A.B. asks: 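Below you will find the structure I want to go over with you.
Just so you know, these numbers come straight off a predicted model, no measurement behind them.
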Amino acid sequence: MLIKKIIGDYDLIGFGSGIYYDKPQKKLMEYIEGLDNVKNKKAFVFSTSRQNRSDYNDWFKENLSDKGFEIIGEFHCKGHTIFKGNPNEEDLENAKEVARNIINTYNQILDMPEDSTNI
């Protein structure tokens, strides 16, 4: 599968989904479960749901860690399907902060200066 091959081209990969019946989207779960083990790969995870529960990211973190990914960040907020207006401005600002932290963490791993991003 082409997408599985693409993972080999990147060192930092994001995985995210809306949450359906307390789980990520089924095809994404199957995709992650079917991945080969990796080395020296970092990942961040994100999700949206009708409940504002960050533990929905636990499935991602556990299964990606089992595949060899080092999880360096995560984000969760309420989704749009039920909560019109979500993600809202506060959610988007929180997502930006998480993105900055992920980039800074990744840059530290690469021994690059902090804040070498313009998010």
Side-chain angles (χ1 to χ4, degrees):
M1 174 181 254
L2 178 61
I3 294 175
K4 288 183 184 178
K5 292 179 183 176
I6 290 172
I7 290 217
D9 294 339
Y10 297 93
D11 298 323
L12 176 61
I13 304 161
F15 295 88
S17 174
I19 300 298
Y20 306 93
Y21 302 102
D22 295 331
K23 294 185 178 177
Q25 202 272 342
K26 184 178 178 180
K27 288 188 181 209
L28 181 58
M29 291 174 64
E30 291 170 353
Y31 172 77
I32 291 171
E33 289 167 345
L35 287 174
D36 294 332
N37 288 347
V38 299
K39 290 184 180 179
N40 301 317
K41 301 285 182 188
K42 313 296 184 249
F44 61 93
V45 300
F46 57 95
S47 62
T48 63
S49 69
R50 64 185 176 94
Q51 297 178 345
N52 200 13
R53 292 178 33 198
S54 62
D55 64 327
Y56 282 136
N57 287 335
D58 290 351
W59 185 93
F60 285 117
K61 294 187 296 185
E62 181 179 321
N63 285 274
L64 290 167
S65 293
D66 287 349
K67 295 291 182 176
F69 287 92
E70 178 185 348
I71 308 302
I72 65 169
E74 68 175 296
F75 178 75
H76 177 82
C77 69
K78 286 184 179 180
H80 179 72
T81 303
I82 294 176
F83 297 99
K84 303 298 183 203
N86 286 88
N88 59 30
E89 286 300 317
E90 182 180 356
D91 295 329
L92 296 176
E93 286 304 314
N94 289 338
K96 286 180 185 179
E97 183 62 27
V98 168
R100 285 185 198 100
N101 290 337
I102 290 168
I103 291 168
N104 286 336
T105 298
Y106 187 67
N107 286 342
Q108 288 174 359
I109 292 167
L110 297 177
D111 200 25
M112 294 176 68
E114 280 194 36
D115 290 329
S116 58
T117 181
N118 193 15
I119 294 179

A.B. asks: Hey, is CG on Asn40 packed in by over 12 heavy atoms from elsewhere, all under 6.0 Å?
C.D. replies: no
A.B. asks: Measure the spacing between CG of Leu35 and CG of Leu64 and express it to the nearest 0.5 Å.
C.D. replies: 7.5 Å
A.B. asks: What distance separates Lys78 NZ from Arg50 CZ, expressed to the nearest 0.5 Å?
C.D. replies: 11.0 Å
A.B. asks: Does a sphere of radius 6.0 Å around CD in Glu89 hold more than 12 heavy atoms from other residues, nucleotides or ligands, not counting ones at 6.0 Å or beyond?
C.D. replies: no
A.B. asks: Heavy atoms only: give me the nearest Phe46-Gly14 pair and the separation to one decimal.
C.D. replies: CE2-C, 4.4 Å
A.B. asks: What heavy-atom pair brings Asn88 and Asp91 nearest, and what distance separates the two atoms?
C.D. replies: OD1-N, 2.8 Å
A.B. asks: Under the side chain to side chain contact (heavy atoms under 4.5 Å, CB included) rule, collect the residues that match up with Thr105, sequence neighbours excluded.
C.D. replies: Ile72, Ile109
A.B. asks: Looking at residues at least two apart in the chain, or sitting in another chain, which of them share a salt bridge (charged side-chain N to carboxylate O under 4.0 Å, His left out) with Asp58?
C.D. replies: Lys61
A.B. asks: With sequence neighbours excluded, tell me which residues meet side-chain hydrogen bond (donor to acceptor under 3.5 Å, both in side chains) with Asn57.
C.D. replies: Ser47, Glu74
A.B. asks: Just to verify, what does Phe69 make a ring pair (Phe, Tyr, Trp, His ring centres under 6.0 Å) with, not counting sequence neighbours?
C.D. replies: Phe15
A.B. asks: Where is the tightest heavy-atom contact between Lys41 and Gly8, given as atom of each residue plus distance?
C.D. replies: NZ-O, 3.2 Å
A.B. asks: Taking ILVMFWY side chains as joined if any heavy atoms are under 4.5 angstrom apart, and letting links pass through other members, which residues group with Tyr56?
C.D. replies: Ile19
A.B. asks: Find the distance between CD1 (Ile32) and NZ (Lys67) and round it off to the nearest 0.5 Å.
C.D. replies: 9.5 Å
A.B. asks: Where is the tightest heavy-atom contact between Pro24 and Met29, given as atom of each residue plus distance?
C.D. replies: O-SD, 3.2 Å
A.B. asks: How many angstroms lie between CG in Asp66 and CD in Glu33, if you round to the nearest 0.5 Å?
C.D. replies: 10.5 Å
A.B. asks: Between Ile71 and Ser65, what is the shortest heavy-atom contact and its length?
C.D. replies: CG1-OG, 3.8 Å
A.B. asks: Is it the case that one hydrophobic cluster holds both Tyr31 and Tyr10, taking links as side-chain heavy atoms less than 4.5 Å apart, direct or via other members?
C.D. replies: yes
A.B. asks: Would you name the heavy atoms of Pro87 and Leu92 that are closest together and state the gap between them?
C.D. replies: CB-CD2, 4.2 Å
A.B. asks: Please round to the nearest 0.5 Å and tell me the distance separating atom CG of Asn101 and atom CG of Asn104.
C.D. replies: 6.5 Å
A.B. asks: Going by the rule salt bridge (charged side-chain N to carboxylate O under 4.0 Å, His left out), which residues pair with Asp55 if we only count those two or more places apart in sequence or in a different chain?
C.D. replies: Arg53
A.B. asks: Drop me the distance from Glu93's CD to Glu90's CD, to the nearest 0.5 angstrom.
C.D. replies: 9.5 Å
A.B. asks: Hey, does Leu28 have a side-chain heavy atom less than 4.5 Å from the side chain of Phe60?
C.D. replies: yes
A.B. asks: Just by distance, do the side chain of Lys42 and the backbone of Tyr106 share a donor-acceptor pair under 3.5 Å?
C.D. replies: no
